[in-house]
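I am attaching a structure below and will ask some questions about it afterwards.
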Amino acid sequence: MQLGAILFVLGICARAAGRFGMSPIPLYLLGGLAFGHGGFLALDAADKFGEIASEIGVVLLLLLLGLEYTAAELMTGMRRSWPAGLVDIVANAAPGAAVALLFGWGPVGALILGGVTYISSSSIAAKVLDDLGRLGNRETPVVLSILVFEDLMMAVYLPVLTTILAGLSLLSGFESLAAALAAVAVVLMVTLRYGRYVSTVVDSTNREVFLLKLLGAALLVAGAASALNVSAAVGAFLLGIAISGSTAREAVRLLEPLRDLFAAIFFVAFGLNTDPTAIPPVLGWAVALAAVTTVTKFGTGWWASARQDIRTLGRARAGAALVARGEFSIVIAGLAVVSGSVDGRLAALATAYVLLMAVLGPVLARVIEPLVAMIRRNPGAVAGA
């Protein structure tokens, strides 16, 4: 009954979010906070299912993300976006790391919160670009190349974070990083040369067989990666890259409903494990981080677009499209919470921050064009204000 109630309410939340043109992620998180430990009503019976389903949700999120890219697109994106990618890391990870150090959470806390504030939400950005009809705009390739760079940085970041949270040595951390980089290199090489064979292994004309093979392969690869102290999410991402062509398109079509279901449960499960009474003490810091990182992420998109000789309005649209944070930020915070090795306030701060940014990002993307038009019409009035 509890599980049924959770799923039904998730559906209502998703519908409500769709009516207002916003991401449902903030509502999922709020639902978890309301019915978790310290909320209005604790739903303890759904905890076990939530733990397993949330892990599957992360795997599917990363698998679908990998399916969106080919190895050739990743290589092109890296060559095109690496300067903007480096600026993105410095500008957007630094505020989170600084706040963690101010709270006394040490280098590990700085690594975690820096990752939370650094990574944009690929799913929210892609949905906003599609909803607003901007996929064909000149600035959109710049936005996508930065998102690709961020996704690849996660393939390096997540294994290192997992190793550190597990309490392993610095040497083990370098070994995990080397393994992750080697895996990325091997997958890119295999995909460029033999991608059709990888796709053939999982492909089938029977939808049931295809779905079972694909989901089974994703969980096997993710489990094997986790056993080698490489993030399970990275393993799923690499499998997605290795599948290409019509097989990848059919896989996306079949897996999207499953991804949406398990990802929703993942966000709810994170909220269930966060004490809502811990949010008010850190809410001011979350607002400050949101303000600072909105400016830095917007500036990243503006600067990257300017390097491609894109005009003012396109630069503004690019900056606004990158502002939202979402699934990856919660994945990072979730890894920290599960490890039990970080201050509980970090989860509360990350939750409040993502709630703000997942709402602010789509809103800013929608209002940026009339805002720029207003500034152009009345530059003196805006400057005076």
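These numbers come from the heavy atoms of this one structure, side chains and all, not from hydrogens, waters or symmetry mates. Position 1 is the first residue of the sequence; numbering continues from there.
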Judged by modelled atom types alone, do Thr296 and Asn92 share a side-chain donor-acceptor pair under 3.5 Å?
-> yes
Any side-chain heavy-atom pair of Val116 and Arg325 under 4.5 Å = no
For the student: nearest non-hydrogen atoms of Ala91 and Thr300, plus distance | CB-OG1, 4.3 Å
Under a 4.5 Å side-chain heavy-atom rule over Ile, Leu, Val, Met, Phe, Trp and Tyr, are Val90 and Ile112 clustered together?
-> no
Decide yes or no for Leu255 and Leu258: does some side-chain heavy atom of the first lie under 4.5 Å from some side-chain heavy atom of the second?
-> yes
Side chain proximity check, Phe266 to Val331, heavy atoms < 4.5 angstrom | yes
Between Leu215 and Leu60, is any pair of side-chain heavy atoms under 4.5 Å apart?
-> yes
Are Met357 and Thr294 close enough that some pair of their side-chain heavy atoms sits under 4.5 Å apart?
-> yes
If only atom types and distance count, is the side chain of Arg138 paired as donor or acceptor with the main-chain N or O of Arg311 below 3.5 Å?
-> no
Verify same cluster id: Val354, Phe103 (apolar side-chain graph, 4.5 Å) | yes
Hey, what do you get for CG (Leu219) to CG (Leu214), rounding to the nearest 0.5 Å?
-> 9.5 Å
Go through Tyr118 and Met153 one step at a time and tell me if the side chain to side chain contact (heavy atoms under 4.5 Å, CB included) criterion holds.
-> CA-CA 10 Å; Tyr118 159 61; Met153 288 303 99; 3.5 Å; yes
For Arg315, the option from Trp303, Phe298, Trp302 that meets side-chain contact (heavy atoms from CB on, under 4.5 Å) = Trp302
Locate the shortest heavy-atom distance separating Leu10 from Ala264; write the atom from each residue and the value.
-> CD1-CB, 3.9 Å
Please answer: with hydrophobic residues joined when any side-chain heavy atoms are less than 4.5 Å apart, are Leu3 and Val268 in the same cluster?
-> yes
Taking side chain as C-beta onward, heavy atoms only, is Met154 less than 4.5 Å from Ile332?
-> yes
Going by atom types only, do Asn206 and Glu208 share a side-chain donor-acceptor pair under 3.5 Å?
-> no
If two hydrophobic side chains count as joined below 4.5 Å and joins carry through other members, does Tyr353 share a cluster with Val108?
-> yes
Do Leu349 and Trp105 come within less than 4.5 Å of each other through their side chains, counting heavy atoms only?
-> yes
Looking only at heavy atoms, what is the nearest atom pair of Leu283 and Ala352, with distance?
-> CD1-CB, 4.2 Å
Would you find a donor on one side and an acceptor on the other, under 3.5 Å apart, between the side chain of Tyr157 and the backbone of Leu111?
-> yes
Leu101-Leu289 co-clustered via ILVMFWY side chain contacts under 4.5 Å | no
Quick one: do Lys297 and Asp88 make a salt bridge, cutoff under 4.0 Å?
-> yes
Do the non-hydrogen side-chain atoms of Leu261 and Leu7 ever get within less than 4.5 Å of each other?
-> yes
Taking atom CG of Leu254 and atom CG of Leu211, what is their separation to the nearest 0.5 Å?
-> 6.0 Å
Heavy atoms of Ser199 and Ala242 approach each other most closely as OG-O, 4.1 Å
Shortest non-hydrogen contact between Pro26 and Leu355, atoms and distance | O-CD2, 3.2 Å
Inter-residue atom distance Glu139.CD - Leu129.CG, 0.5 Å rounding = 8.0 Å
Chi angles and distances behind the side chain to side chain contact (heavy atoms under 4.5 Å, CB included) call for Val292, Thr117 = CA-CA 10 Å; Val292 171; Thr117 58; over 6 Å; no
Side-chain donor or acceptor of Ser120 paired with backbone N/O of Leu322 under 3.5 Å | yes
Considering non-hydrogen atoms only, spot the tightest contact between Ile146 and Ala304 and give its length.
-> CD1-CB, 3.7 Å
